[in-house]
Structure formats: C-alpha cells, structure tokens
Amino acid sequence: MKPRPLTTAARLSDQDLLPLVQALATLKTPEELTAFLRDLCTPAELEAMVDRWRVVPLLRDGVPYREIHERTGVSVTTTGRVARTLEQGHGGYAVAIDRLAPR
C-alpha cells in the first residue's frame, strides 16, 4: 500500500468513496462487475474480499469460527473481523446477504 499523509480522519469519508460508488452503480451485469473488479483490484485484494464475503453467510447462520476456518480456509482472525463488522459496521453486509437470501 502506498504511504498516506496522516490525517485527522482514520477512515475514508463517504465523499471520498462517492466516485467509486458511482462507477460501481453503473455496472449492470455480474460480468461487467467482475471485469471492473479484476481491473481495479490486485489478485490479493480480490482474494481478501472473496474470503470476507465467503464467511458472511456462515456467520449469519451461527457457524463457529473454527468450523468456518475448516470449511473455507479463511483464518479465524479474518472471520472475527468480519463478525465484528457485521455487528458494528455500516450494515452493508446485512443488506447484501438479505437481498441474496432465497425468498
């Protein structure tokens, strides 16, 4: 990662994210989004995002961290971070997983 100057804000603001969010919102198909993500992210970044997303439904189903690790190979540390985000984050995981749930 490139070094960034120290700022008073520890996180990116919504305004900082807006151009990227707008670009993502223009994509209409899974194929378009896949191409965009492959262009935007390094393989390691994509792998990290895939790992995080892979554990979300398991956490929502109450699967223990160690079992998640056994099933997915995702570290217990990463699983704990995702669990914390599910509980204390901005609600994005919940919106997406709820929309993907069978009706």
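The model shown is predicted, which means the values in this text are computed figures rather than measured ones.
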Test side-chain contact (heavy atoms from CB on, under 4.5 Å) on Leu37 and Leu46 and set out the steps. CA-CA 8 Å; Leu37 288 172; Leu46 280 173; 3.9 Å; yes

When every non-hydrogen atom of Gly80 is compared with those of Tyr65, the smallest separation belongs to CA-CE2, 3.6 Å

Quick check: does any side chain N or O of Thr79 sit under 3.5 Å from a backbone N or O of Ser75, one acting as donor and the other as acceptor? yes

Partner set under salt bridge (charged side-chain N to carboxylate O under 4.0 Å, His left out) for Asp16, not counting sequence neighbours: none

Decide yes or no for Val56 and Val82: does some side-chain heavy atom of the first lie under 4.5 Å from some side-chain heavy atom of the second? yes

Any Thr29 side-chain heavy atom under 4.5 Å of Leu33 side chain: no

With a 3.5 Å distance limit and no angle check, can you tell me whether Glu32 reaches the backbone of Lys28 through a side-chain donor-acceptor pair? yes

Closest approach of Thr85 to Tyr93 (non-hydrogen atoms, all atoms of both residues): CG2-CE1, 3.7 Å

Between atom CG of Asp39 and atom OG1 of Thr34, what is the distance when rounded to the nearest 0.5 Å? 11.0 Å

Distance (rounded to the nearest 0.5 Å) between Glu45 CD and Leu40 CG: 7.5 Å

Over all atoms of both residues, closest heavy-atom pair of Phe36 and Ala23: CZ-CB, 4.1 Å

Among pairs that include at least one residue of residues 68-85, which meet salt bridge (charged side-chain N to carboxylate O under 4.0 Å, His left out), considering only residues two or more places apart or in two chains? Glu67-Arg71

Taking Val95 as the starting point, is it possible to reach Leu100 by hopping between hydrophobic residues whose side chains are less than 4.5 Å apart? no

Minimum heavy-atom distance between Leu59 and Ala83, given as atom pair plus value: CD1-N, 3.6 Å

Connected via hydrophobic side-chain network under 4.5 Å: Leu86 and Trp53: yes

I'd like to know if the side chain of His69 and the backbone of Val76 have a donor-acceptor N/O pair within less than 3.5 Å. no

Quick check: do Gln22 and Thr26 have side-chain heavy atoms less than 4.5 Å from each other? no

Can you tell me if Asp61 has over 12 outside heavy atoms packed within less than 6.0 Å of its CG? yes

Report whether Val74 and Met49 are members of the same hydrophobic cluster (ILVMFWY, side-chain heavy atoms less than 4.5 Å apart, transitive linking). no

